[in-house]
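Take a look at the structure below.
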Amino acid sequence: MQIAIVYDSGYGHTAKQAQAVAEGVNRVAGASAKLIAVADGDIDWDTLAAADGIIFGSPTYNGLISAKLKGFMEASTRTAWVPQTWRNKIAAGFTNSGAMHGDKLNSLISMALFAAQHGMIWVGLDLFPGKTNEELNRVGGWLGAMAQSDEAPAEVTPIASDLATAAHLGQRVAEIAAQFRAGKA
Ligand SMILES: Cc1cc2nc3c(=O)[nH]c(=O)nc-3n(C[C@H](O)[C@H](O)[C@H](O)COP(=O)(O)O)c2cc1C
């Protein structure tokens, strides 16, 4: 069972979050994560068509997803939306930004709407808000995994709990995709 993680990252912080999501997916027996960076250019549409779930990720830039992730979304109209290739696949999302709030929710809403337009099934976080910087979901969102990066290099930030929150989302998506697949068999 494969879960694709399609993400953008201008400066490496969201890429770190994407890596954590992948680690969470890979914790689930029989699941494997496939990371696809939209900045790399050629999108492997066949891998996306074959995946059991797709997790979208983007830095929040100007209160929105990045232009590169939006470009990917627009390209998917012809390759996936018209043929309804992703219908009934599990979907989820994550985002990272400089401010603790930073209007991250808008990015996740865009991803969830995009997934809905593709007929996908959106999975959010099942975590209460963390009360300390060490707890999961310290940013306190439910629609997807959120992370906050200070103006430090990606080796330092986002912090461990934000990465653990991202891994939790990856694991949750893989577990739900496995249940969904078993239900269809
Ligand atoms: C063009 C641009 C716009 C940004 N807009 C926001 C914003 O709206 N809110 C916020 O909190 N941070 C904003 N930031 C900060 C980034 O979200 C932050 O640096 C993030 O860690 C970048 O992730 P990346 O390294 O994956 O590109 C912006 C950064 C850039 C370059």
Side-chain angles (χ1 to χ4, degrees), residues 3-26 33-44 47-48 51 53-76 91-115 122-125 127-174:
I3 306 293
I5 300 160
V6 182
Y7 72 97
D8 185 34
S9 180
Y11 307 92
H13 302 85
T14 314
K16 218 172 147 189
Q17 196 185 13
Q19 189 64 50
V21 172
E23 285 166 19
V25 168
N26 290 331
K34 171 78 179 160
L35 283 159
I36 298 176
V38 293
D40 287 349
D42 275 347
I43 300 295
D44 185 349
T47 292
L48 291 173
I54 306 176
I55 306 176
F56 305 101
S58 176
T60 293
Y61 289 163
N62 311 107
L64 301 166
I65 56 169
S66 71
K68 288 196 178 107
L69 190 73
K70 182 61 165 57
F72 159 81
M73 288 176 171
E74 290 182 21
S76 79
F94 60 92
T95 189
N96 157 72
S97 83
M100 185 58 87
H101 186 293
D103 297 317
K104 281 190 260 279
L105 181 62
N106 198 44
S107 298
L108 293 179
I109 289 171
S110 298
M111 294 177 204
L113 276 175
F114 171 73
W122 187 262
V123 170
L125 270 186
L127 294 170
F128 290 120
K131 291 187 173 56
T132 68
N133 279 343
E134 287 70 44
E135 287 177 72
L136 292 181
N137 197 18
R138 69 171 178 139
V139 185
W142 277 274
L143 195 58
M146 296 179 174
Q148 181 256 331
S149 288
D150 291 322
E151 284 176 27
E155 293 75 46
V156 184
T157 182
I159 64 170
S161 61
D162 286 350
L163 298 176
T165 303
H168 181 93
L169 180 73
Q171 180 175 343
R172 174 168 161 78
V173 168

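Remember, it's 1-based here, ligands and their atoms both numbered in the order they're listed.
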Item to check | Flag, side chain of Gln171 to backbone of Ala167, donor-acceptor distance under 3.5 Å | outcome: no
Checklist entry - Stepwise, does the side chain to side chain donor-acceptor pair (under 3.5 Å) test hold for Thr157 with Asp150? => result CA-CA 6 Å; Thr157 182; Asp150 291 322; 4.7 Å; no
Item to check | With sequence neighbours excluded, residues passing side chain to side chain contact (heavy atoms under 4.5 Å, CB included) with Pro153 | outcome: Glu155, Val156
Item to check | Criterion side chain to side chain donor-acceptor pair (under 3.5 Å) on Lys104 and Thr95, from CA distance to verdict | outcome: CA-CA 7 Å; Lys104 281 190 260 279; Thr95 189; over 6 Å; no
Checklist outcome for this item: Asp162 meets the salt bridge (Lys or Arg N to Asp or Glu O under 4.0 Å) criterion, sequence neighbours left out, with Arg138
Item to check | For Thr165, all residues meeting side-chain hydrogen bond (donor to acceptor under 3.5 Å, both in side chains), sequence neighbours excluded | outcome: none
Next on the checklist: Can you work out which protein residues put a heavy atom within less than 4.0 Å of ligand 1?
Outcome noted: Ser9, Gly10, Tyr11, Gly12, His13, Thr14, Pro59, Thr60, Tyr61, Asn62, Gly63, Asn96, Ser97, Gly98, Ala99, Gly102, Ser149
